[in-house]
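The next block holds one structure in the form of structure tokens; read it before the comments.
Atoms within a ligand are numbered from 1 in the order they appear, just like the ligands themselves. Count residues from 1 along the sequence. Just so you know, these numbers use all the heavy atoms, side chains as well, and skip hydrogens, waters and symmetry mates.
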Amino acid sequence: MKIHNYSAGPCILPQEVFEKSSEAILNFNNSGLSLLEISHRSKDFVKVMDEARALALELLGLENKGYEALFLHGGASLEFLMVPYNLMKENGKAAYLDTGTWASAAIKEAKIFGETVIVSSSKTENYTHIPKEFEVPTDANYFHCTSNNTIFGTQMKSFPTLSMPIVCDMSSDIFSRTLDFTQFDLIYAGAQKNMGPAGATLVVIKSSILGKTGRNIPSMLDYQKHITAESMYNTPPVFAVYASLLTLQWLKKSGGIAAIEKINQAKAALLYAEIDRNPYFRGAANEEDRSIMNATFLLENEANAPVFDTLWKEAGISGLPGHRSVGGYRASMYNALPIESVQVLVDVMQDFEKKVAETKF
Ligand SMILES: *Cc1c(COP(=O)(O)O)cnc(C)c1O
């Protein structure tokens, strides 16, 4: 049976990425050697890293604009502390927008380094919306936000214009929609949501913002050291970088971010229309802040959950239960999820409606 994978991360990747990366594990570039047993300093792997870094910048429209792309270890969670380490001045200050679990995890780390101002938070409403009216202290060393809140299903549609560097955690919507990426000075994303397998983190930095903190930064946590070493300061996560490169190549071949954005919007429109139409469901997030990547929705009557759960499982749908902090369901519609899978889910929701309506009497 075909499986429709709605996992929030690690998540679905293009089938050709699974095939090509499997081949590379057995015989990389017809060398007779596995990708997993060659030196990361070999010509073949250096080429992979160089291409992945260049292609990431190209797809974001950031090449030749003073940006560097790095593939690091440690996930987005390590960036929560690398960002303040590299950008918050000694006795300085940082500004954060609190839009969800991941934003607040980033705030927790920043507080270790210095004054961390939360400019606004939607925590008391269980993060069902994105705060839009807030003031950022002009003396903050940087402003940090989360473009897509994976757990709550909200997404920032616009970003403030500020005099300080803007840092954005784009783990769950990078490469999914067109934005003017030059408005950001530092973007980071764990690969496993929309770019590749777990194990690599993409960091895109405007290098001119570095070197201003007066802090003594341990080498492995120093962006400048990674830039100087061309993302090879130590052994990089070779498999994750290679599979990410394949995913980026697939995206480029598919028409880049603009083309995938159209499909992503169509997928989200299809599902949200059903959530809004079907009397047995309701969306969890504020309509204007809804994410096109992670759609969160709830049953109007929790008692019907066993019926719905049986139906979607029978249809080959996987990974649909919501995060424990929201409950209900979460459909993660990352780039590689085909619109056909969304249609299967919509059909199941309509079947469910009929079933419940029939048994009501
Ligand atoms: C998943 C996620 C993280 C955590 O990523 P790790 O790579 O597991 O550290 C951080 N931020 C956002 C927005 C996420 O979706």
Please tabulate, for side-chain N and O atoms in residues 58-65, each donor-acceptor pair with protein atoms closer than 3.5 Å (sequence neighbours left out).
from, atom 1, to, atom 2, distance (Å)
Glu58, OE2, Lys252, NZ, 3.1
Lys65, NZ, Gly61, O, 3.1

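- Looking only at side-chain heavy atoms (C-beta outward), Thr116 and Met88 come within less than 4.5 Å of each other.
- The ring of Tyr280 has its center no closer than 6.0 angstrom to the ring center of Phe308.
- The six-membered or imidazole ring of Phe159 lies near that of Phe184, with a centre-to-centre distance under 6.0 Å.
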Please tabulate, line by line, the atom pairs linking an N/O of ligand 1 to a protein N/O at a distance below 3.5 Å, with the distance in Å to 0.1, or answer 'none'.
from, atom 1, to, atom 2, distance (Å)
ligand 1, 7 (O), Ala76, N, 3.0
ligand 1, 7 (O), Gln192, NE2, 2.9
ligand 1, 8 (O), Gln192, NE2, 3.4
ligand 1, 9 (O), Ala76, N, 3.2
ligand 1, 9 (O), Ser77, N, 2.8
ligand 1, 9 (O), Ser77, OG, 2.6
ligand 1, 11 (N), Asp169, OD2, 2.6
ligand 1, 15 (O), Thr150, OG1, 2.4
ligand 1, 15 (O), Lys193, NZ, 2.6

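- In this pair, Tyr142 and Tyr96 present their aromatic rings perpendicular. The plane angle is above 60°, beyond the 30 to 60° band.
- Between Phe80 and Trp102, the two ring planes are tilted [angle within 30° to 60°].
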